Protein chains: 2
Amino acid sequence: MNNNTHFEEKLRSAGLRPTKQRLKMCEILFHRKKTFHFTIEDLRKVLKKKLDIKISQATIYNTINAFKNKGYIKEISLNSDKTYFDTNVTNHHHFYNVTTNELIDFHDKDVEEIKLRKNLPGKKIRSIEVLVKVSNK
Amino acid sequence: MNNNTHFEEKLRSAGLRPTKQRLKMCEILFHRKKTFHFTIEDLRKVLKKKLDIKISQATIYNTINAFKNKGYIKEISLNSDKTYFDTNVTNHHHFYNVTTNELIDFHDKDVEEIKLRKNLPGKKIRSIEVLVKVSNK
DNA sequence: TCAATATATTAGAATGATTCTAAAGTGTTT
DNA sequence: AAACACTTTAGAATCATTCTAATATATTGA
């Protein structure tokens, strides 16, 4: 099974038609060893440089939003003018280097269990995320 | 010592001139019992309704940025199209209700100490923030 | 207190990320 | 292949935030 077939199935199983644009974006986003942290701008540059493809702005946004809604990628909570996404959709946390704007993952196992002493009756916990801001010394 | 004098001193001690606009904003932001979570839009509405004042957009942004730089307020890391600020500048964390967009503080003491098993050599930790996303059931 | 200087405020324009529009194109189903 | 549904596109629209440069206010020093 080559990647294309794999990605076609992935898209279909989420109810998304496997179009040329979506398959190309899958290649960039998911055919890699390490987690990819990106903004829309980063992604457009990669599409251009690596695949020499131009996908319109609107399609990139539509597709990323579709992927987000289907749980293929997730949005990262940072205060930044741009929105950051992450191809790692497992429960995990981030180091954010405020000097370089670099983001680094760390997993649940890299932190001792987070135990809340406060809870909100009638509410359901959806996620617990830790953001560690660091700077170069 | 009335509030105005208090706020004048607060501003001066941070190297900010106590102007009419800044004093009015201090009243709204700091003369309250509970933490205030707000966006620029929220703040403008309150200035308008409570004090019947119009401060220009640019001044509101300039002043909020000055207050942020002086550590009077802090920015909250959320993914939202708008930037959220918090008048509670102590180390603390947030519940974010994704159903209602409501933000609730919880303090360091409301969570067991967060112990990282991973660290980044050559980097200095600036803050550790927890964001707990909840929804109405 | 007054003039000189430095800093702040303002309206409106500019910028930049994201979303919308509606027309043309592609994928799916029969 | 026809009919239908969904997708892509360029460009316009929107919205938060920042910039501009003119005017106003605060501070300093004589």
Side-chain angles (χ1 to χ4, degrees), chain A residues 4-5 7-28 37-48 51 53-70 72-85 101, chain B residues 4-5 7-28 37-48 51 53-70 72-85 101:
Chain A
N4 227 54
T5 314
F7 291 140
E8 276 191 27
E9 281 177 12
K10 180 168 177 161
L11 290 166
R12 268 186 220 289
S13 72
L16 296 172
R17 286 185 178 171
T19 62
K20 267 199 310 286
Q21 291 83 348
R22 286 175 180 160
L23 288 167
K24 289 298 179 188
M25 286 177 65
C26 279
E27 269 183 64
I28 295 296
H37 294 126
F38 63 97
T39 63
I40 298 289
E41 204 192 343
D42 296 334
L43 179 59
R44 193 175 50 240
K45 279 186 192 152
V46 177
L47 283 162
K48 189 139 199 223
L51 301 190
I53 281 178
K54 193 188 159 296
I55 300 183
S56 83
Q57 192 92 302
T59 299
I60 295 176
Y61 275 98
N62 290 345
T63 302
I64 284 298
N65 284 330
F67 286 176
K68 188 180 79 178
N69 293 335
K70 294 303 179 181
Y72 289 176
I73 58 179
K74 65 179 197 177
E75 214 173 318
I76 300 175
S77 299
L78 276 185
N79 341 9
S80 167
D81 47 335
K82 297 182 186 177
T83 300
Y84 277 79
F85 297 94
N101 294 322
Chain B
N4 228 53
T5 314
F7 291 139
E8 275 190 29
E9 282 178 12
K10 179 169 178 161
L11 289 167
R12 266 186 220 290
S13 72
L16 296 172
R17 287 182 177 174
T19 60
K20 266 200 311 285
Q21 292 82 349
R22 286 174 181 163
L23 288 167
K24 289 296 180 189
M25 287 178 65
C26 280
E27 270 183 63
I28 295 296
H37 293 126
F38 64 98
T39 64
I40 299 288
E41 203 192 344
D42 296 336
L43 179 60
R44 194 174 48 240
K45 280 186 191 152
V46 177
L47 283 163
K48 190 139 198 220
L51 301 190
I53 281 178
K54 193 189 158 293
I55 299 182
S56 83
Q57 192 92 301
T59 299
I60 294 177
Y61 275 97
N62 289 345
T63 303
I64 284 298
N65 284 330
F67 286 177
K68 188 179 79 177
N69 294 334
K70 295 303 180 181
Y72 289 176
I73 58 178
K74 65 179 197 177
E75 214 174 318
I76 301 175
S77 299
L78 277 184
N79 339 7
S80 167
D81 45 335
K82 297 181 186 177
T83 300
Y84 277 79
F85 297 94
N101 293 322

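Since the model is a prediction, treat every value here as computed from it, not as a measurement. Numbered from 1 within each chain, the chains take letters A, B, ... in sequence-line order.
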Less than 4.5 Å apart, any side-chain heavy atom of A:Leu23 and any of A:Glu27?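 A:Leu23 vs A:Glu27: side chains apart.
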
Would you mind reporting whether A:Tyr84 and B:Asn79 have side-chain heavy atoms less than 4.5 Å apart?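 A side-chain contact is absent here, since even the closest heavy-atom pair is not under 4.5 Å.
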
When we call it a touch if two heavy atoms are under 4.0 Å apart, what does B:Thr19 touch: a base, just sugar-phosphate, or nothing?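 Contact class for B:Thr19: sugar-phosphate only.
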
Determine the contact category for A:Thr83: base if any of its heavy atoms lies under 4.0 Å from a base atom, sugar-phosphate if only primed atoms, P, OP1 or OP2 are that close, otherwise nothing.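 The answer is sugar-phosphate, as A:Thr83 gets under 4.0 Å only of primed atoms, P, OP1 or OP2.
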
Figure out the [atom1]/[atom2] separation between [X] and [N], and round it to whole Å.
X: B:Leu23; N: C:dT9; atom1: CG; atom2: P; value: 10 Å
X: B:Ile55; N: D:dA24; atom1: CD1; atom2: C1'; value: 15 Å
X: A:Lys24; N: D:dT8; atom1: NZ; atom2: P; value: 14 Å
X: B:Leu47; N: C:dT9; atom1: CG; atom2: P; value: 13 Å
X: B:Lys20; N: D:dT25; atom1: NZ; atom2: P; value: 6 Å
X: A:Asn69; N: D:dT7; atom1: CG; atom2: P; value: 12 Å
X: A:Ile53; N: D:dT9; atom1: CD1; atom2: P; value: 10 Å
X: B:Phe38; N: D:dT17; atom1: CZ; atom2: P; value: 11 Å

Closest listed nucleotide, where the reference is the side chain of [X] and the choices are [options]:
X: A:Gln21; options: D:dT9, C:dT19, C:dT9; value: D:dT9
X: B:Arg22; options: D:dT8, D:dT27, C:dT9; value: C:dT9
X: B:Ser56; options: C:dG27, D:dT9, C:dA11; value: C:dA11

Earlier contact from the 5' end, DNA chain D, for B:Arg17 and B:Ala58: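 Nearest-nucleotide comparison on DNA chain D picks B:Ala58.
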
By nearest heavy atom, map B:Gln57 and B:Gly15 onto DNA chain C; which one lands nearer the 5' end?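 Taking each residue's closest nucleotide, the earlier one in sequence belongs to B:Gly15.
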
Under 3.5 Å, is there a donor-acceptor pair linking the side chains of A:Asp42 and A:Thr39?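 Looking only at side-chain atoms, A:Thr39 and A:Asp42 do form a donor-acceptor pair, the distance falling under 3.5 Å.
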
Closer than 4.0 Å, any side-chain N/O of [X] to the OP1 or OP2 of [N]?
X: A:Tyr61; N: C:dT18; result: yes
X: B:Arg12; N: D:dT27; result: yes
X: B:Asn65; N: D:dT17; result: no

Residue from A:Thr63, A:Leu11, A:Ile64 passing side-chain contact (heavy atoms from CB on, under 4.5 Å) with A:Tyr72: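 Of the listed residues A:Thr63, A:Leu11, A:Ile64, the side-chain contact (heavy atoms from CB on, under 4.5 Å) partner of A:Tyr72 is A:Leu11.
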
Output yes when B:Arg12 and B:Glu9 qualify as a salt bridge under the 4.0 Å nitrogen-oxygen rule, no when they do not.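 So B:Arg12 does not pair with B:Glu9 through a salt bridge.
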
